[in-house]
There are 2 protein chains.
Amino acid sequence: MSMPSAVRHINEVRVLDVVFRQGKVSRANIARELGLTRSTASSIVASLTEEGLLVEDNSEDDKSAGTGRPGTFVRLNSNYGVFIGADIGVGRLTVVALDMEARVVAQSQSNFDLADADPESIIQQLVRTVKSLIKSLSQKHTVRGLCLTAPGVIDRTGTILRAPILGWRQEPILDKLEKVLPEDLLLAAENDANAFAMAEMYRSKDESTDTEIYIFLDAGVGGAIVNSGQLLHGQDGYAGELGHIILGDEGFVELATISGSFESFIGREAVLARYRFHGGSASNIDEFASAARRQERAALSTLTDWSFYLGRGVATLTSIFNPARIVLGGPVAMLYDLCRDQVMANVRQNLLDEHPIPEIRLSKLGPEGPAIGGASMLHKRMLSVNEELIYRRNRTSSGR
Amino acid sequence: MSMPSAVRHINEVRVLDVVFRQGKVSRANIARELGLTRSTASSIVASLTEEGLLVEDNSEDDKSAGTGRPGTFVRLNSNYGVFIGADIGVGRLTVVALDMEARVVAQSQSNFDLADADPESIIQQLVRTVKSLIKSLSQKHTVRGLCLTAPGVIDRTGTILRAPILGWRQEPILDKLEKVLPEDLLLAAENDANAFAMAEMYRSKDESTDTEIYIFLDAGVGGAIVNSGQLLHGQDGYAGELGHIILGDEGFVELATISGSFESFIGREAVLARYRFHGGSASNIDEFASAARRQERAALSTLTDWSFYLGRGVATLTSIFNPARIVLGGPVAMLYDLCRDQVMANVRQNLLDEHPIPEIRLSKLGPEGPAIGGASMLHKRMLSVNEELIYRRNRTSSGR
DNA sequence: TCCGTTTGTTTGGATTGAAAACAAACATAT
DNA sequence: ATATGTTTGTTTTCAATCCAAACAAACGGA
């Protein structure tokens, strides 16, 4: 197969993309938008409607008056099915369901014992949770895909190479999941930080952005890099370990991490250790933030030091990537609100004059971010050309 | 347009790609390789032959005996034309011509006065050089494209945003070049480090490599990042300033760069300054290298320090990108040969155990690297799908 | 010399999108 | 109320492409 279906596939995907981005659109507008004739657009809309992906929508609101015959509008059929995102977090399982229009239609959390987290029982719990989540939906929905996310390095086959927090190594999680789910179900697996980044990015639909960086500050510091809408995975899936960037000789705290690394300066333990160094005392970040808000001296000094190294790290990443935006997330990120100006000043100090400075902002997503992101990745795939259908080359190729 | 020509275009490009990679191949093998029928493959080969891109090659050597009727082989027509790469370097203009099989068929260097390098006169000199280079070719060749490279930040429109070495700012170099060249000529412009990386990468034809990093060590330190065969440019074209990564508080030399930056530790001036610090004396890198080779104490100490920070930088980049390979180039890179083990030990020290370590190797390309890379980019484009032909959407789109 | 194998070409069929013509639905002017 | 102009969606016709199958050609080996 290559010719008839290939172009058809491309055009169907493009039509879906236009409908998704515009929400409600007439056949004529689809044709105009994509440079097709109206007849072709109609034909594709008919196919997609028959398949159940599109529905007519002639609600009478905002008919956007104009001369000529009004169009008949179509939109995505949000009842076509759902995409499931399932995040294995630190002792917590988060499952969300996204409908065809990428809206969260259901969500569920449950806990598990981190000390006793063998993959098989987690998978069992996960499948149970997904099933009950589906049942809880108001309408009957077909599951169109499921994406697993976890705090660890995941290769392209869906094997978790290592997840220290869960105590897993070389765990073919996707294979195991495949065996207990319907055969034809679309499955994927992704690192949680990468998924978080996708969740942040997917809503904005900002096509002018080429490069974005996401930094997650918790006990450790993780990250994700998006280039032209694609996540950077690196050779084996290890890319994005932004917390391991080395910024100095010795960090504020020496844990099971690399000496002088980004996270040893700006992670949670680093903040609390530095606070103690300056004579303060806090058992968690919220306490520390309160102290800083009431202008406590030790807390402010700590913030100054934190800003210094956050600025250094951001500047380093800016030199490497020239990103349009750096998004901070995770429980420690909110400290940025307390010292924006200091951070920006430090960023500037560590860059040459005239180097473009990225926008820095805080993520608005909560702990369900990775699960939403995983589901978003499947949704995005629905709107993307499946290259295998087009570039499929024979496996049995003889090398002349 | 979309359907007839789109698939045809894709398949033509794929055929060209197969022919390029295999050198000499029969229609039947093309069909097998691409999952097409022999009739389709024949049809496409006929089109491309008529256009002059392919020629039959029934030279009698290695007919690779086997049962059945032998095939009729085709190869790229190396006389179809040439791609020109023109590098504006530090006081030196390098022009190369690549034939259709990506071999360098001509090359030329000329100098210019760096202090008096206004764009107009450089362009004049460049056009003159290109024309005489074309004339010098044994056969008559059509120029199929020209890529300019320069040591500076170049945006996607072909404007040099800044090139401190040349003293240029906001220079629409491609527009100016366009005016003095035939209208239909394919033009491009690229940063010299990026082009160098393309030159290194393009020959290997290694499809299993996802991520590679190139570091160029000269007075300053530049770099380029390749992901899935694509260069990372960042939002405005500034990406890849690897020399500005911050690795410590204070470098070995404080120049017009960022304090504690990668290049302030491992660039040429940093090496020489550190050598003086240890009591040695050398006016250039070759002298220093000689001293190191004869095991001079101060030189060895300097190398130890250099290894320390090169290892730190490589480790940082490895944490971020998880590259398969890091290639070192430029006049200072050869120091790596004198302290490979030290560098690798330092890399390992700055990564968590079990993190995959990239291969580190020296580039074999000389000063004509950027020019070759620029021309290679055009060649690569010939073998790539032109997305505009497929995804072309109407400019006059009305937003509903 | 015959047979099996592989190659390249030819022919017929199916799918697709473009172009053009047409009918339908609406706003506005008369 | 009627006519006119505009835009939409559909229908029809046509050209381009690839695939499948049949066929002729070229070679090695029995």
Side-chain angles (χ1 to χ4, degrees), chain A residues 1-15 24-50 54 56-58 60 62-74 389-394 396-398 400, chain B residues 1-15 24-50 54 56-58 60 62-74 389-394 396-398 400:
Chain A
M1 179 267 281
S2 196
M3 153 8 200
S5 40
V7 175
R8 186 61 161 201
H9 171 70
I10 291 175
N11 283 328
E12 284 184 354
V13 162
R14 294 207 300 159
V15 167
K24 178 180 167 183
V25 61
S26 69
R27 291 159 174 78
N29 269 333
I30 293 173
R32 254 194 300 276
E33 192 78 10
L34 297 179
L36 303 170
T37 57
R38 290 198 304 280
S39 59
T40 303
S42 284
S43 159
I44 293 169
V45 166
S47 302
L48 294 174
T49 304
E50 189 167 5
L54 297 182
E56 295 230 336
D57 177 358
N58 282 314
E60 289 298 321
D62 86 326
K63 276 255 174 172
S64 69
T67 176
R69 169 179 170 178
T72 55
F73 295 86
V74 293
L389 281 180
I390 296 170
Y391 298 106
R392 189 178 69 185
R393 47 176 59 193
N394 251 344
T396 63
S397 76
S398 73
R400 78 154 160 166
Chain B
M1 180 267 281
S2 195
M3 153 12 199
S5 40
V7 176
R8 186 60 159 201
H9 172 69
I10 290 174
N11 283 329
E12 284 183 354
V13 163
R14 295 207 299 160
V15 167
K24 176 180 168 184
V25 62
S26 70
R27 292 159 174 79
N29 270 333
I30 292 173
R32 254 193 301 276
E33 193 79 10
L34 298 179
L36 302 170
T37 57
R38 291 199 303 279
S39 58
T40 303
S42 282
S43 159
I44 293 169
V45 166
S47 301
L48 293 174
T49 304
E50 187 167 7
L54 297 182
E56 295 229 338
D57 177 357
N58 283 312
E60 288 300 320
D62 85 328
K63 275 256 173 171
S64 70
T67 175
R69 170 179 169 178
T72 56
F73 295 85
V74 293
L389 281 181
I390 295 171
Y391 298 105
R392 188 178 69 183
R393 44 177 62 193
N394 251 342
T396 61
S397 75
S398 73
R400 79 155 158 168

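From a predicted model like this one, the values you see are computed outputs, not experimental measurements.
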State whether A:Arg32 places a side-chain N or O below 4.0 Å from either non-bridging phosphate oxygen (OP1 or OP2) of D:dT7. no
Please determine, for the side chain of B:Thr67, which listed nucleotide (D:dA21, C:dG4, D:dT10) has the closest atom? C:dG4
Between atom NE2 in A:His9 and atom P in D:dC18, what is the gap in whole Å? 18 Å
Is the phosphate of D:dC18, meaning OP1 or OP2, less than 4.0 Å from a side-chain N or O of B:Thr37? no
Does B:Asn11 place a side-chain N or O at less than 4.0 Å from the phosphate oxygens OP1/OP2 of D:dT17? no
Just compare C:dG8, C:dA24, D:dC19 and give me whichever is closest to any side-chain atom of B:Ala28. C:dG8
For the pair made of CG in B:Leu34 and P in D:dT17, what is the distance, rounded to whole Å? 17 Å
Interatomic distance where CZ belongs to A:Phe73 and P belongs to D:dT7 [whole Å]: 14 Å
From C:dG8, C:dA18, D:dC18, pick the nucleotide closest to the side chain of A:Thr40? C:dA18
Would a distance-only check, ignoring hydrogens and angles, find a side-chain to backbone donor-acceptor pair under 3.5 Å from A:Ser43 to A:Ser39? no
Is a donor-acceptor contact shorter than 3.5 angstrom present between the side chain of A:Arg38 and the base of D:dG9? yes
Between A:Arg69 and A:Ser39, the residue closer to the 5' end of DNA chain C by nearest nucleotide is A:Ser39
Nearest whole Å is fine: how far is D:dT7 P from A:Ile30 CD1? 19 Å
So does A:Arg8 get a side-chain nitrogen or oxygen closer than 4.0 Å to the phosphate oxygens (OP1/OP2) of C:dT15? no
Could you check how far CZ of B:Arg27 sits from P of C:dG8, rounded to whole Å? 6 Å
To the nearest angstrom, the CD1-P distance between A:Ile44 and D:dT10 comes to 13 Å
